[in-house]
Number of protein chains: 2
Amino acid sequence: MDKILDIDNIDLKIISLLNEDAKTPYTEIAKKVFVSSGTVHVRMKKLEDMGIVKSATLNIDFSKLGYDISAFLGIYLEKSSLYDNVIEKLKEIPEVVSGYYTTGNYSIFAKIICRDTNHLRLVLDSIQKVEGIDRTETLIVLEESINRPIQFFDKEK
Amino acid sequence: MDKILDIDNIDLKIISLLNEDAKTPYTEIAKKVFVSSGTVHVRMKKLEDMGIVKSATLNIDFSKLGYDISAFLGIYLEKSSLYDNVIEKLKEIPEVVSGYYTTGNYSIFAKIICRDTNHLRLVLDSIQKVEGIDRTETLIVLEESINRPIQFFDKEK
DNA sequence: TATTTATTTAGATTTAATCCAAATAGAGTT
DNA sequence: AACTCTATTTGGATTAAATCTAAATAAATA
């Protein structure tokens, strides 16, 4: 029996509502989902125990904090077997916020967040220096037009 | 005077701690930052009013919810002036979770989340059909090795 | 239908959020 | 340095929510 079957629409509605604003009181969620607040607790406990809901994070406008530049990096490795080693090195660079193993040309696809162009240059330098990295392609983000959670209850295919 | 100067280390520490777990009580944050909980409230209110902290969202393991495939899309437009129109169309596709205007080859860089390969195919189809889109390159995410918030207090450059 | 098991619910209790007036600290002025 | 004005922080009082538990309900099984 698949784990997915343990999740019903009540769970999904709770997740959807809390995903819009994780600080919404369970009492309020309860009203919208037409169950008691105790049930919301029990369901969230279950979802956390199952590892489906891992944590809650803030949605921060980094540009207002002086972090004005974000960029995606397509990273080419000398040998693809170096993936794990390079990921470990990238983890040591605080400006790296994500790193993926993807299909396509790149061996690693990563995202970095920097204060300004000079900071970006320094970070790119330190990434270029990582052993095993051949070269990188930089996609600088000029505008973030869409950034939202999955919508479970919209017109999905 | 720059807005950034209104933000001090207390603000950054509060943001950092809440970014790890947005549900941490302000009383607990207060202890760690060595101020009163009232101050944490005042600071968070300020950060929210300034638009620096926009909301809190859940960190969800989508694969455990049956959304097993995520992919980055490099989208080529027929004319780059079509950007705004295409973004609006992409917003209507619920599986599209982000969309960026970036430097580099692609006109739009997007991310989608799908249940399985068949769902992915359907979503790619509907994206291909969007007027103004020439062609797309798909980078399927096989592994997410890094996914974390910015670290303000680590060894930054 | 009876019995077991799981889920939901409604209080009771604990804990945190919110509000506010007083205290403190800081900036600017003479 | 003393004074004034302003902004920030604080602690306590109030309101609201989280958490816990035992009872009620519902669902599953025999």
Side-chain angles (χ1 to χ4, degrees), chain A residues 1-67 149 152-153, chain B residues 1-67 149 152-153:
Chain A
M1 203 65 94
D2 202 325
K3 283 232 167 166
I4 294 158
L5 297 183
D6 293 342
I7 304 303
D8 62 12
N9 265 356
I10 293 176
D11 294 312
L12 289 182
K13 276 179 195 158
I14 292 170
I15 290 176
S16 288
L17 290 167
L18 284 173
N19 211 17
E20 280 170 34
D21 180 5
K23 300 214 82 177
T24 314
Y26 288 0
T27 48
E28 203 176 307
I29 302 292
K31 277 182 213 156
K32 290 181 181 170
V33 183
F34 302 107
V35 293
S36 73
S37 70
T39 300
V40 178
H41 268 274
V42 171
R43 296 301 188 102
M44 280 301 289
K45 177 100 182 24
K46 178 188 74 176
L47 290 166
E48 284 162 9
D49 289 347
M50 288 173 79
I52 290 172
V53 172
K54 287 181 284 188
S55 64
T57 54
L58 298 181
N59 192 208
I60 294 165
D61 186 334
F62 290 108
S63 69
K64 289 192 174 143
L65 279 177
Y67 286 78
F152 293 111
F153 296 106
Chain B
M1 202 66 92
D2 202 326
K3 284 231 166 167
I4 295 159
L5 297 183
D6 293 342
I7 305 300
D8 62 12
N9 264 356
I10 292 175
D11 294 311
L12 290 182
K13 276 179 196 159
I14 292 171
I15 290 176
S16 288
L17 289 167
L18 284 174
N19 211 17
E20 280 170 35
D21 180 4
K23 300 214 83 179
T24 314
Y26 287 1
T27 48
E28 202 177 307
I29 302 292
K31 276 181 213 156
K32 290 182 180 168
V33 184
F34 302 106
V35 293
S36 73
S37 70
T39 300
V40 178
H41 268 274
V42 171
R43 296 301 188 102
M44 280 302 288
K45 178 97 181 24
K46 178 188 77 176
L47 291 165
E48 283 163 10
D49 289 346
M50 289 174 80
I52 291 172
V53 173
K54 287 181 284 188
S55 63
T57 54
L58 298 181
N59 192 207
I60 294 164
D61 186 334
F62 290 108
S63 69
K64 288 192 176 145
L65 279 177
Y67 286 78
F152 293 112
F153 295 106

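Only a predicted model underlies this, so the values are computations on that prediction, with no experimental measurement involved. Within every chain, numbering begins at 1; the chains are lettered A, B, ... in the order of the sequence lines, protein sequences first and strands thereafter.
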Nearest heavy atoms of A:F152 and A:I15, plus distance in Å: CE1-CG2, 4.0 Å

Grab the two heavy atoms, one from A:L58 and one from B:A22, that are nearest each other, plus how far apart they are.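 Taking A:L58 first and B:A22 second, the nearest heavy atoms are CD2-CB, 4.0 Å.
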
Atom pairs, N/O to N/O, protein against nucleotides 9-12 of chain D, distance under 3.5 Å?
unit_1: D:dT9; atom_1: OP1; unit_2: B:R43; atom_2: NE; d: 3.4
unit_1: D:dT9; atom_1: OP1; unit_2: B:R43; atom_2: NH2; d: 2.4
unit_1: D:dT9; atom_1: OP2; unit_2: B:R43; atom_2: NE; d: 3.2
unit_1: D:dT10; atom_1: OP2; unit_2: B:S36; atom_2: N; d: 2.9
unit_1: D:dT10; atom_1: OP2; unit_2: B:S36; atom_2: OG; d: 3.3
unit_1: D:dT10; atom_1: OP2; unit_2: B:T39; atom_2: OG1; d: 2.6

Find the distance [X]:[atom1] to [N]:[atom2] and express it as a whole number of Å.
| X | N | atom1 | atom2 | answer |
| --- | --- | --- | --- | --- |
| A:L47 | C:dT7 | CG | C1' | 15 Å |
| B:I7 | D:dT8 | CD1 | C1' | 15 Å |
| A:K45 | D:dA18 | NZ | C1' | 14 Å |
| B:K31 | C:dA16 | NZ | C1' | 11 Å |
| B:M44 | D:dT8 | CE | C1' | 18 Å |
| B:H41 | D:dT15 | NE2 | P | 16 Å |

Would you give the length of the straight line joining atom CG of A:L65 to atom CD1 of A:I60, rounded to the nearest 0.5 angstrom?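 Nearest 0.5 Å value for the CG-CD1 distance: 6.5 Å.
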
Partners passing side chain to side chain donor-acceptor pair (under 3.5 Å) against [X] (at least two apart in sequence or in another chain):
| X | answer |
| --- | --- |
| B:S36 | B:T39 |
| A:D61 | A:S63 |
| B:K46 | B:D11 |
| A:N19 | none |

When you check the gap from the basic side-chain N to the acidic O, do B:D8 and B:R43 get nearer than 4.0 Å?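 Result for this pair is yes, salt bridge flagged.
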
Residues in side-chain contact (heavy atoms from CB on, under 4.5 Å) with A:E28, at least two apart? A:T24, A:P25, A:K32

With axes from five pairs an end, tell me the bend angle of the helix from C:dT1-D:dA30 to C:dT30-D:dA1, nearest 10°. 40°

Tell me which residues in residues 15-30 of chain A lie within less than 4.0 Å of DNA chain D, going by non-hydrogen atoms. A:P25, A:Y26, A:T27

Contact list for residues 32-63 of chain A, test ring pair (Phe, Tyr, Trp, His ring centres under 6.0 Å), sequence neighbours left out: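 Checked against ring pair (Phe, Tyr, Trp, His ring centres under 6.0 Å) - neighbours excluded - the pairs reaching residues 32-63 of chain A are A:Y26-A:H41.
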
Under 3.5 Å donor-acceptor pairs involving side-chain atoms of residues 48-57 of chain B, not counting sequence neighbours:
unit_1: B:D49; atom_1: OD1; unit_2: B:K45; atom_2: NZ; d: 3.4
unit_1: B:D49; atom_1: OD2; unit_2: B:K45; atom_2: NZ; d: 2.8

